[in-house]
Amino acid sequence: MSNPWEEISLDDYEKHMSLDSVRQLQALDSIMKEQFAAYPVETAAVLGVAGGNGLEHIDTDKFRRVYGVDINADYLSAVSQRYTQLSGVLECLHIDLINEAEKLPQAQLLIANLLIEYIGYGAFQRAVLQTAPEYVSCVIQINTDAEQWVSESPYLRAFDRLDEVHHQMEEKALTAAMNEIGYSLILQESYPLPNGKALVRVDFKKNEV
């Protein structure tokens with residue numbers, strides 16, 4: 001069975017995420033600007049890069065290499081076409097994070113926004129251990145209604161199969177999972193959304209050995 005994310009068109013996804021009633025694309029764009037600027041690193045990996053929202057904030061004077069990782073090859077094609085100005089810095093990688101974490105390259109900063117929900121804590125731990133970053137910056141969605149975790153929109157049918165892979169997120173559980181593999185919480189910020197949901201950014205730093 002294919003992963004549901006391989007079947008969702010980028011157009012449906014981005015139109016849904018940018019609706020005034022959802023506004024997650026806009027929120028994530030400003031959060032990614034902060035994520036790219038936050039730490040003294042020159043390599044980064046963005047897991048679940050989708051159509052590349054937020055990549056325009058990559059400072060090519062700062063970053064030597066940024067990896068954009070996704071399970072959907074069409075999304076990665078769109079990223080390559082949209083961000084030609086990042087040629088030589090941005091490298092797109094087609095990887096199934098649940099089954100192919102060993103293909104991930106190492107990077108000093110790992111960004112995972114609205115991704116852990118779809119791979120689970122265990123697969124995320126494996127991805128972090130493989131990437132071996134100094135810093136991990138994640139965004140998770142906190143839902144007031146566990147049944148209706150995809151926001152109402154005209155594009156809702158496109159997301160029908162996501163129930164198969166969705167995991168409800170919780171900051172404490174994510175922090176515990178990261179502690180298990182040697183990372184400590186260094187930042188937590190909440191970004192309220194229009195429809196009662198919230199995006200929560202949680203950043204971690206690798207413990208000194």
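The residues of the chain are indexed from 1 along the displayed sequence.
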Task: Evaluation steps, side-chain contact (heavy atoms from CB on, under 4.5 Å), between Leu110 and Val128 - done: CA-CA 8 Å; Leu110 183 67; Val128 173; 3.6 Å; yes
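- A donor atom on one side chain and an acceptor atom on the other are found under 3.5 Å apart for Asp29 and His57.
- Of all the heavy atoms in Val79 and Cys92, the pair that sits closest is CG1-SG, 3.7 Å.
- Here CG of Leu86 is found 7.0 Å from OG1 of Thr60. Values are rounded to the nearest 0.5 Å.
- A distance of 4.0 Å separates CZ in Phe36 from CD1 in Ile58, rounded to the nearest 0.5 Å.
- Side chains of Val200 and Gln188 form a contact here, defined as non-hydrogen atoms less than 4.5 Å apart.
- Hydrophobic clustering, with ILVMFWY side chains joined whenever heavy atoms are under 4.5 angstrom apart, keeps Val49 apart from Ile119.
- Of all heavy-atom pairs between Ala45 and Ala107, the closest is N-CB, 3.8 Å.
- If you chain together hydrophobic residues whose side chains sit under 4.5 Å apart, Ile95 and Val66 never meet in one group.
- Arg201 has a carboxylate O that lies under 4.0 Å from a charged side-chain N of Asp203, or vice versa, which qualifies the two as a salt bridge.
- Residues Val136 and Met178 form a side-chain contact, since some pair of their non-hydrogen atoms from C-beta on lies under 4.5 Å apart.
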TODO: Report the C-alpha distance between Leu47 and Ile111 in whole Å, list the side-chain angles of each, state the deciding distance to 0.1 Å, and finish with yes or no for side-chain contact (heavy atoms from CB on, under 4.5 Å).
DONE: CA-CA 6 Å; Leu47 305 187; Ile111 295 175; over 6 Å; no
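- Across Met32 and Leu55, no two heavy atoms sit closer than the pair CE-CD2, 4.4 Å.
- Between Glu42 and Lys62 there is no salt bridge, since no side-chain nitrogen of the basic residue lies less than 4.0 Å from a carboxylate oxygen of the acidic one.
- Looking at Leu97 and Ile71, their side chains never come closer than 4.5 Å, going by heavy atoms from C-beta outward.
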Task: Worked check of side-chain hydrogen bond (donor to acceptor under 3.5 Å, both in side chains) between Gln106 and Thr131 - done: CA-CA 4 Å; Gln106 294 200 336; Thr131 317; over 6 Å; no
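- Under a hydrophobic clustering in which Ile, Leu, Val, Met, Phe, Trp and Tyr are joined whenever their side-chain heavy atoms come within less than 4.5 Å, directly or via other members, Val89 and Leu93 fall into different clusters.
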TODO: Under the side-chain contact (heavy atoms from CB on, under 4.5 Å) rule, what do Leu174 and Val202 come out as? Steps first, then yes or no, please.
DONE: CA-CA 9 Å; Leu174 175 57; Val202 275; 3.5 Å; yes
TODO: Before giving the answer on side-chain contact (heavy atoms from CB on, under 4.5 Å), spell out for Leu187 and Phe204 the whole-Å C-alpha distance, their side-chain angles and the decisive distance to 0.1 Å.
DONE: CA-CA 7 Å; Leu187 177 113; Phe204 301 89; over 6 Å; no
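- A salt bridge does not link Arg126 to Glu102: none of the charged nitrogens lies less than 4.0 Å from a carboxylate oxygen.
- Rounding to the nearest 0.5 angstrom, the gap separating the CD atom in Glu189 from the OG atom in Ser137 is 9.0 Å.
- Of all non-hydrogen atoms in Phe124 and Ala112, the two that sit nearest each other are CE1-CB, 3.6 Å.
- Pairing each heavy atom of Tyr118 with each of Ile98, the nearest pair is O-CD1, 3.9 Å.
- Leu28 contributes atom CG, which lies 9.5 Å from atom CD of Gln141 (distance to the nearest 0.5 angstrom).
- Across Leu199 and Ala27, no two heavy atoms sit closer than the pair CD1-CB, 3.8 Å.
- Distance CG/Leu104 to CG/Leu129: 11.0 Å, rounded to 0.5 Å.
- Atom CD in Glu134 sits 8.0 Å away from atom CD in Gln108 (nearest 0.5 Å).
- Two residues are said to be in side-chain contact when any heavy atoms from C-beta on lie closer than 4.5 Å; Ile140 and Glu171 meet this criterion.
- Under the 4.5 Å side-chain heavy-atom criterion for grouping Ile, Leu, Val, Met, Phe, Trp and Tyr, Leu109 is not connected to Ile116 through any hydrophobic cluster.
- Between Tyr183 and Tyr135 there is no side-chain heavy-atom pair separated by less than 4.5 Å.
- Criterion: ILVMFWY side-chain heavy atoms under 4.5 Å apart, direct or through other members. Under it, Val139 and Leu193 are part of a common hydrophobic cluster.
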